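Below is one structure, written out as structure tokens; the observations come after it.
The structure presented is a predicted model; accordingly, all values stated were derived computationally and were not measured. As the structure lists them, so they are numbered: ligands from 1, and atoms in each ligand from 1.
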Amino acid sequence: MARFILALIMGAFLAAPAYAAESTFGDGTIYWPGYPEAEDAYPELTDHNTQDHYGTPDITGGVASATDGLDSVRFNIVITREADWTEELWRNVWFVLYPGDLFLDTDSNGVWDYVVVMNPDKTDWTPIDTYVSNTQFGLNRDAGLYPLHRFTAPLQAPFTGAYPYHETIKPANFRPRYDHPIWADSGSSYMGAQVGSVQFSGWPTFPEGYNMEPLPVTFDFNTTSLQGLNIPTNNLTIGFTVSTASDVILQQVSVASGDRRPCPISVPNMLLLQ
Ligand SMILES: [Ca+2]
Ligand SMILES: [Ca+2]
Ligand SMILES: [Ca+2]
């Protein structure tokens with residue numbers, strides 16, 4: 001009888017729909033380990049190596065959601081305003097910023113495993129080390145499907161010919177945080193095959209009457225080509241920034257997914273039924 005009851009409970013558990021677990025995260029990162037700005041190398045000195053963000057935006061954190069795999073990563077983005085910026089300058093600065101790639105270390109071992117490539121068709125990255133106006137860089141920010149690739153670069157990569165990243169660009173009238181990885185280099189030996197596509201919600205437009213509310217930016221992995229991303233250890237590390245590296249995210253989050261999801265029936269209670 002006890003085994004019959006146990007079988008009923010197990011059957012109900014197995015038939016139960018998967019539920020989503022959400023993990024919120026903040027932003028405790030100024031720059032990725034090994035990538036401080038070489039401040040002395042640039043005309044306008046700053047204290048970027050001690051500031052979370054400057055100018056705009058402030059990425060305040062976000063939420064990672066998982067069921068049988070990683071469903072989505074959402075960032076909360078505040079379009080911050082410097083005290084001496086006019087409304088027009090504020091808008092203009094925002095419209096020359098672009099999202100970086102989304103880097104994922106799905107076992108948090110210091111080596112990336114995947115990257116969402118935001119500019120898959122871009123081949124000419126030549127003006128990466130420029131200190132001139134660069135508003136026509138041809139980068140993507142629109143909503144849509146973007147390719148998810150395997151990407152096995154170490155977070156702290158040696159500066160060699162196989163260097164895996166493209167770094168900060170400088171838009172007109174804006175002092176960026178230089179020397180920081182922003183996008184993966186699709187031509188590097190670290191870039192692997194595409195394994196699916198991820199739905200990007202789009203970079204926020206500048207809302208009318210905006211008063212620095214957090215704006216959501218979401219990468220959705222529950223697409224027809226992917227249906228979630230396996231996180232084998234439940235520890236996911238997320239890397240993300242913007243084209244100026246004005247604010248940098250490197251955050252480890254605990255996400256329950258697949259057969260490692262929390263069990264709704266505790267093991268001791270199940271044993272009592274036998
Ligand atoms: Ca921040
Ligand atoms: Ca890894
Ligand atoms: Ca930060």
Set of side chain to side chain donor-acceptor pair (under 3.5 Å) partners for Arg81, sequence neighbours left out:
none
Minimum-distance N/O/S atom that Asp107 presents toward the Ca ion (ligand 2)
OD1
State the atom name: nearest N, O or S atom of Asp113 to the Ca ion (ligand 2).
OD2
Is Glu37 paired with Arg175 through a side-chain N to carboxylate O contact shorter than 4.0 Å?
yes
Would you call the rings of [X] and [Y] parallel, tilted or perpendicular, taking 30° and 60° as the class edges?
X      : Y      : result
Trp32  : Tyr165 : perpendicular
Tyr146 : Phe200 : perpendicular
Trp90  : Tyr210 : tilted
Phe151 : Tyr190 : perpendicular

What protein N/O/S atoms are found closer than 3.0 Å to the Ca ion (ligand 3)?
Asp27 OD1, Asp27 OD2, Thr29 O, Asp52 OD1, Asp247 OD1, Val248 O
Taking the cut-offs as 6.0 angstrom to the six-membered ring centre and 45 degrees off its axis, would you call Arg177 and Tyr54 a cation-pi pair?
no
Within less than 3.0 Å of the Ca ion (ligand 2), any N, O or S from Asn109?
yes
CD of Gln252 to CG of Leu236: how many Å apart, nearest 0.5 Å?
8.5 Å
Rounded to the nearest 10 degrees, what's the angle O of Val111 makes with OD1 of Asp105 at the Ca ion (ligand 2)? Could you check?
80°
